[in-house]
Amino acid sequence: MEVFYNSTRNSGIRVKASEAILKGLSDDGGLFVPERIPALDRELKELAGMTYREVAYEVMKLYLTDFTEEELKGCIARAYDGKFDTEVIAPLVSADGAYYLELFHGATIAFKDMALSILPHLMIAAAKKNHVENEIVILTATSGDTGKAALAGFAGVEGTKIIVFYPKDGVSPIQEKQMVTQKGDNTYVVGIHGNFDDAQTGVKKIFADKELAGRMDAQGFQFSSANSINIGRLVPQIVYYVYAYARLLAEGKMEEGGRMNVVVPTGNFGNILAAFYAKNMGLPIGKLICASNENKVLYDFFRTGIYDKNREFVLTSSPSMDILISSNLERLVYRLAGNDAGKNAELMKALSGDGKYVITEEMRAGLGDFYGNYASGEETAETIKALYEKTGYVLDTHTAVASCVYRKYVEETGDKTPAVIASTASPFKFTRSVMNAIDGKYDKMTDFELVDELSSLANVKVPRAIEEIRTAPVVHDHICEKDGMKKTVEDFLGLA
């Protein structure tokens, strides 16, 4: 049965999966959501005997229903190949009473690889399917990880260009080096004077600019997005929760039908929304534990029903979560409103105007699946140090936020349900913060000295992604003001 996609702001908009992937964002500014969440059609014990690629097909075929089996399996095979440094793609590691799902074994050592390895292949297949002749321009804002993962995915892909905006002083040195050294004639990287929310808002404005879209079409271009607002990003993220459950089952850590809790360090809300979709497909997930850093807008939302971005923006040691406008939350709010696009549009209008909105008591009652909490910078560092000293296992700063919040959840509730923590980045991506957490004596070392020290400390080989950028030359040095983003895009495309 085919799954169609509606806009969260206009239920009259109804498109196929391939069309939703190509557009990225609906013309009315809304996000595409499935009309219905499909149910898993395989027994959990069957999934337990499958590889990551096989599980990916079983999940994605239910959402991307206008792709043929051959198209979808081809995309999966090309995505989850030798660019991952482990055959299992997403290892599940037990440490101190929790299971860490390592989502960072791809080309850029962050979880974004899990979806951004497949998105270019889905997009090219979708373009052929819809007879698109324009060159597709991927326009993306990043808080650190999406940018490099998208650049790596789209670099050299015929028929595409990719433009990435990032906050110049809001990413780690390793994250920035990964982006600005990216090769590929179709890649463009721009630092902006502003934060991630400024970059994301600027991208959304460019997407909504009808006059610009007309000029681009006349020149043979059309925009699409690689951000987590693209349904082609969200669907592959659902896979890894199904796979994690299947692994627990296969390893005898879980009885079939037994529940698992999921803990996710969250900024833009895409990862935990994917877990929510997995739960609604029939996967036995208990609590969805939403972990925030000091930019705790989501924690406050779950506690009060008020989403308020009018607050100080804090630069933390977990920069990929330094976000005050969690775009994917709109998909949950739409569902809480009973799929009422009008009500959702009203709330989003309030967010863009007053910077906040309040959901009804009836909507709040639908948040029972979620638990929210946050970790301070000090608590994050303490968590890294404590787990390393106890087990020898080293977490990155984002995963440490999740680990800390999970500990708070257990202390509050006494709930000992098996928990899978989404480990969203390699500690090698945030070496200075990680090593300083373990011992302040490392602070005088250079970034790459810290890489080697971490490798020795954790007894883990330095990832290929880090080795490649040690001596790589900077090829992108563009900087612009936040109100200069449109002009920058026009210049790159020769439209000015």
Side-chain angles (χ1 to χ4, degrees), residues 37-64 69 72-73 75-77 79-106 111 113-115 117-118 234-264 271-272 274-289 369 387 391-393 395 399 402-403 406 410 415-424 426 460:
I37 295 179
L40 287 168
D41 62 356
R42 290 283 199 151
E43 295 288 326
L44 295 170
K45 61 187 175 190
E46 286 183 85
L47 295 169
M50 294 183 184
T51 65
Y52 190 89
R53 297 170 191 85
E54 289 167 338
V55 173
Y57 175 72
E58 293 303 327
V59 172
M60 292 171 66
K61 73 176 186 186
L62 302 173
Y63 286 91
L64 309 182
E69 180 178 346
L72 194 48
K73 284 185 173 177
C75 290
I76 289 166
Y80 304 116
D81 59 7
K83 71 174 74 69
F84 285 81
D85 65 17
T86 169
E87 178 64 25
V88 297
I89 307 298
L92 197 60
V93 177
S94 177
D96 196 28
Y99 297 98
Y100 290 87
L101 182 65
E102 293 186 345
L103 300 169
F104 53 75
H105 288 275
F111 83 94
D113 290 322
M114 302 297 290
S117 291
I118 194 167
L234 187 62
V235 169
Q237 289 177 291
I238 299 168
V239 175
Y240 42 75
Y241 298 108
V242 179
Y243 179 73
Y245 190 94
R247 293 316 309 151
L248 288 175
L249 214 54
E251 294 168 15
K253 310 283 175 56
M254 177 87 71
E255 293 292 320
E256 187 173 14
R259 287 178 177 269
M260 76 173 184
N261 288 337
V262 170
V263 192
V264 186
N271 246 355
I272 198 160
F276 175 77
Y277 277 27
K279 179 180 171 85
N280 282 274
M281 292 177 76
L283 192 69
I285 292 175
K287 213 69 170 176
L288 297 160
I289 300 167
D369 289 335
L387 190 66
T391 68
Y393 189 58
L395 303 177
T399 309
S403 185
Y406 174 60
V410 172
D415 182 3
K416 298 292 180 67
T417 300
V420 169
I421 297 176
S423 186
T424 54
S426 165
V460 175

Roughly how far, to the nearest 0.5 Å, is the CG atom of L249 from the CG atom of L47? 9.0 Å
Salt-bridged, K83 to D113, with N to O below 4.0 Å? no
Sequence neighbours left out, what passes salt bridge (charged side-chain N to carboxylate O under 4.0 Å, His left out) with R53? Give chain and number order. E87
Taking the side chain as C-beta and beyond, is there a heavy-atom pair between S423 and L101 under 4.5 Å? no
Correct closest heavy-atom pair for N261 and K287 would be OD1-N, 2.7 Å
I285 backbone acceptor or donor facing R259 side chain under 3.5 Å: yes
How far apart are the closest heavy atoms of G258 and P284, and which atoms are they? O-CB, 3.5 Å
Is there side-chain contact between C75 and Y80, with at least one heavy-atom pair below 4.5 Å? no
Looking at E69, is its backbone amide N or carbonyl O close enough to the side chain of Y57 to form a donor-acceptor pair, meaning the two atoms are under 3.5 Å apart? no
Intermediate values then yes/no, side-chain contact (heavy atoms from CB on, under 4.5 Å), M60 and I118: CA-CA 11 Å; M60 292 171 66; I118 194 167; 3.5 Å; yes
In short, G257 meets Y245 closest at the heavy-atom pair N-OH, 3.1 Å
Nearest 0.5 angstrom please: E58 CD to M50 CE, how far? 4.5 Å
Quick one: are F111 and Q237 in side-chain contact, heavy atoms under 4.5 Å? yes
Mind listing the closest non-hydrogen atom pair of F84 and A79 along with its distance? CE1-O, 3.5 Å
Could you give me the CA-CA distance, side-chain angles and deciding distance for H105 and I89, then say whether side-chain contact (heavy atoms from CB on, under 4.5 Å) is met? CA-CA 7 Å; H105 288 275; I89 307 298; over 6 Å; no
Report the C-alpha separation of L44 and L283 in whole Å, then their side-chain angles, then the decisive distance to 0.1 Å, and conclude whether the side-chain contact (heavy atoms from CB on, under 4.5 Å) test is met. CA-CA 8 Å; L44 295 170; L283 192 69; 3.9 Å; yes
Side chain to side chain, Y241 and V264, heavy atoms closer than 4.5 Å: yes
Nearest 0.5 Å, please: how far is CG in D41 from CG in L62? 5.0 Å
Looking just at side-chain N and O atoms, do Y100 and S403 make a donor-acceptor pair shorter than 3.5 Å? yes
Residue pair V239 / A56: nearest heavy atoms and the distance that separates them: CG1-CA, 3.6 Å
Test side-chain contact (heavy atoms from CB on, under 4.5 Å) on V59 and K61 and set out the steps. CA-CA 6 Å; V59 172; K61 73 176 186 186; over 6 Å; no
Is there a side-chain contact between V88 and Y52 in this structure, where contact means two heavy atoms from C-beta onward sitting under 4.5 Å apart? no
Heavy-atom side-chain contact between P418 and K253 under 4.5 Å: no
Between CZ of F104 and CG of D85, what distance do you get to the nearest 0.5 Å? 8.5 Å
For E43, is there an ion pair with K45 - N to carboxylate O distance below 4.0 angstrom? no
To the nearest 0.5 angstrom, please state how far the OG1 atom of T399 sits from the CD1 atom of I421. 8.5 Å
Please name the pair of heavy atoms, one in N280 and one in F276, separated by the smallest distance, quoted to 0.1 Å. ND2-O, 2.8 Å
Got V420 and L92 here, is their nearest side-chain heavy-atom distance under 4.5 Å? yes
From M114 CE over to Y243 OH, what is the distance, rounded to the nearest 0.5 angstrom? 9.0 Å
